[in-house]
Protein chains: 2
Amino acid sequence: MKETENREQAILRAAEREFTTRGFDGAKTTSIAEAAGVTHALLHYYFRTKEKLYERVLDDIISRLEASIVEAFSVSGAPFTSRLEEGLRRHFLFLLDHPDLPRFLIHEIGARSERIALVRARMGRLVGRVFASLQADMERQAARGEIARVSLADLLLDAVSLNAFVFLSYPVIAQLLAPGVEPRAFFLARLEENLTVIRKRLIPDPPCETASPSCSSLWLP
Amino acid sequence: MKETENREQAILRAAEREFTTRGFDGAKTTSIAEAAGVTHALLHYYFRTKEKLYERVLDDIISRLEASIVEAFSVSGAPFTSRLEEGLRRHFLFLLDHPDLPRFLIHEIGARSERIALVRARMGRLVGRVFASLQADMERQAARGEIARVSLADLLLDAVSLNAFVFLSYPVIAQLLAPGVEPRAFFLARLEENLTVIRKRLIPDPPCETASPSCSSLWLP
DNA sequence: GAAATGTTTAACAAGATTGTCAAACCAAAG
DNA sequence: CTTTGGTTTGACAATCTTGTTAAACATTTC
């Protein structure tokens with residue numbers, strides 16, 4: 001075998017780029033082959049059909065995402081809040097390395113319902129692991145009154161929403177909210193904001209015997 | 001003209017459904033025509049090309065979104081926090097009526113860069129109006145120390161992230177986080193969580209002379 | 001070096017998809 | 001009734017896209 005690994009790998013890389021930026025329907029096997037520098041017949045030789053190539057790419061992507069998130073929350077022994085912050089930080093930095101990934105996943109699970117089963121199954125395992133890993137620590141800290149009582153599901157969804165949406169909306173909001181700012185600087189600033197939001201979400205609800213403004217009923221009409 | 005309004009409208013409705021659920025590339029003019037109950041030649045008679053039909057649909061959608069958001073924040077005279085809460089509530093309910101809209105916009109602005117200019121221009125006007133409408137009120141309340149000092153851009157992006165992402169991720173997370181819960185109940189619960197997050201984000205940073213847990217350095221390693 | 005096995009290509013086939021067109025249709029105006 | 005104008009259709013053309021195939025090519029093995 002000459003450098004078959006390279007050819008196959010080249011096709012996979014090109015396919016991932018094409019699929020993630022254009023979606024399944026927008027991606028053309030001819031474009032992928034061209035981008036990989038091979039004839040499109042070779043693409044079919046290696047991956048049979050567009051569908052199979054897509055599945056392979058999707059599988060690879062989810063595996064990497066899964067590994068990255070599990071690893072992100074694996075810092076053990078530290079208090080819940082530290083582990084959470086560290087996990088969110090790594091999650092965000094992972095997205096910074098794969099900025100098109102959220103858009104791709106979101107689109108494909110919505111547009112192509114056949115995929116949902118696969119994605120959901122693997123996400124299920126992933127969420128299960130993260131939950132199991134954090135739940136006990138969270139309860140412990142909540143029991144001590146150090147953090148507010150929140151459902152872990154809500155809290156994590158809050159965090160993922162904040163982290164992912166910056167990348168989803170970037171093309172529209174960047175010039176709008178921060179014209180002229182370096183992309184990386186913009187994203188890192190958002191990371192800090194996101195962490196602040198989550199931290200504050202966990203501030204215990206004060207007993208409200210003080211006249212503190214946060215206890216006033218500003219929010220109640 | 002027999003009921004031409006109805007035919008044209010039927011095509012537009014079918015096109016919006018098809019485009020928003022499948023994206024530009026996934027949508028087929030034949031499917032749209034079929035769904036609208038007309039021949040596909042008629043579709044071309046009214047809208048010339050798929051591209052033009054798409055532009056029309058996109059334009060309509062953005063107009064409705066724009067109108068809804070401007071209206072959502074138009075409650076004048078109330079304190080900033082009330083206006084914000086009311087705006088976010090209405091924004092969320094609008095999305096509840098158009099659950100595929102965030103996915104559609106996010107995908108299209110990412111996948112088809114030609115569209116960005118149009119979307120960005122209109123979003124620019126929209127954000128400008130909302131900003132102008134809220135900024136002064138926000139400063140006033142911050143000056144009184146009733147709310148934390150945050151950039152309005154960050155705060156609104158936080159809120160939109162939280163509101164939109166539930167809909168984006170719904171197909172995957174629903175069964176995972178809340179199995180068996182009615183969709184509407186699930187979404188409304190999320191709305192409350194989102195409002196809580198934003199409220200807490202605005203809690204003024206305490207002076208930290210008390211031993212309150214929120215002042216401890218739990219978050220600093 | 002010849003056979004066997006795996007890789008690569010050019011050419012082709014089948015089908016889908018967008019878009020056009022001339023003719024049929026229909027409603028209203030003269 | 002006939003003309004006129006916009007509507008609607010069936011049939012067609014052009015192109016794009018996926019997928020196949022037979023043959024050329026390379027590499028290993030005996």
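Look at B:T29 and you'll find a side-chain N or O under 4.0 angstrom from OP1 or OP2 of C:dT18. At the phosphate of D:dT8, OP1 or OP2 sits under 4.0 Å from a side-chain N or O atom of B:R7.
With D:dT17, D:dA11, D:dG10 as the choices, the nucleotide that has an atom nearest any side-chain atom of B:H40 turns out to be D:dA11. Counting only heavy atoms from C-beta on, A:T39 has its side chain closest to C:dA10 among C:dT20, C:dA10, C:dT17.
Taking the ring axis of B:Y54 as reference, the NZ or CZ atom of B:R112 stays within 45° of it and closer than 6.0 Å to the ring centre.
Spacing between atom OH of B:Y46 and atom P of C:dT20 amounts to 17 Å, rounded to whole angstrom units. The distance between atom CG of B:L43 and atom C1' of D:dT9, rounded to the nearest whole Å, is 14 Å. In this structure, OH of A:Y45 is placed 17 Å from P of C:dA10, rounded to the nearest angstrom. Rounded to whole Å, the distance from CG on A:L42 to P on C:dT7 is 9 Å. In this entry the distance linking CD1 of B:I11 with C1' of D:dT8 reads 11 Å, nearest Å. Straight-line distance from the CD1 atom of A:I32 to the P atom of D:dT17: 12 Å, rounded to whole Å. Following rounding to the nearest Å, A:F47 (CZ) and D:dT20 (C1') show an atom-to-atom distance of 18 Å. Distance A:H44 NE2 to C:dA11 P: 17 Å, rounded to the nearest Å.
Using a 4.5 Å heavy-atom threshold, the side chains of A:S133 and A:R83 count as touching.
Ring-plane geometry between B:F19 and B:F24 is classed as parallel, the angle between the planes falling under 30 degrees on a 0 to 90 degree scale with a further cut at 60.
In this structure, A:A33 reaches neither bases nor backbone, as no heavy-atom distance under 4.0 Å exists between it and the strands shown.
The residues B:R64 and B:D59 are annotated as not salt-bridged, no charged nitrogen and carboxylate oxygen being separated by less than 4.0 angstrom.
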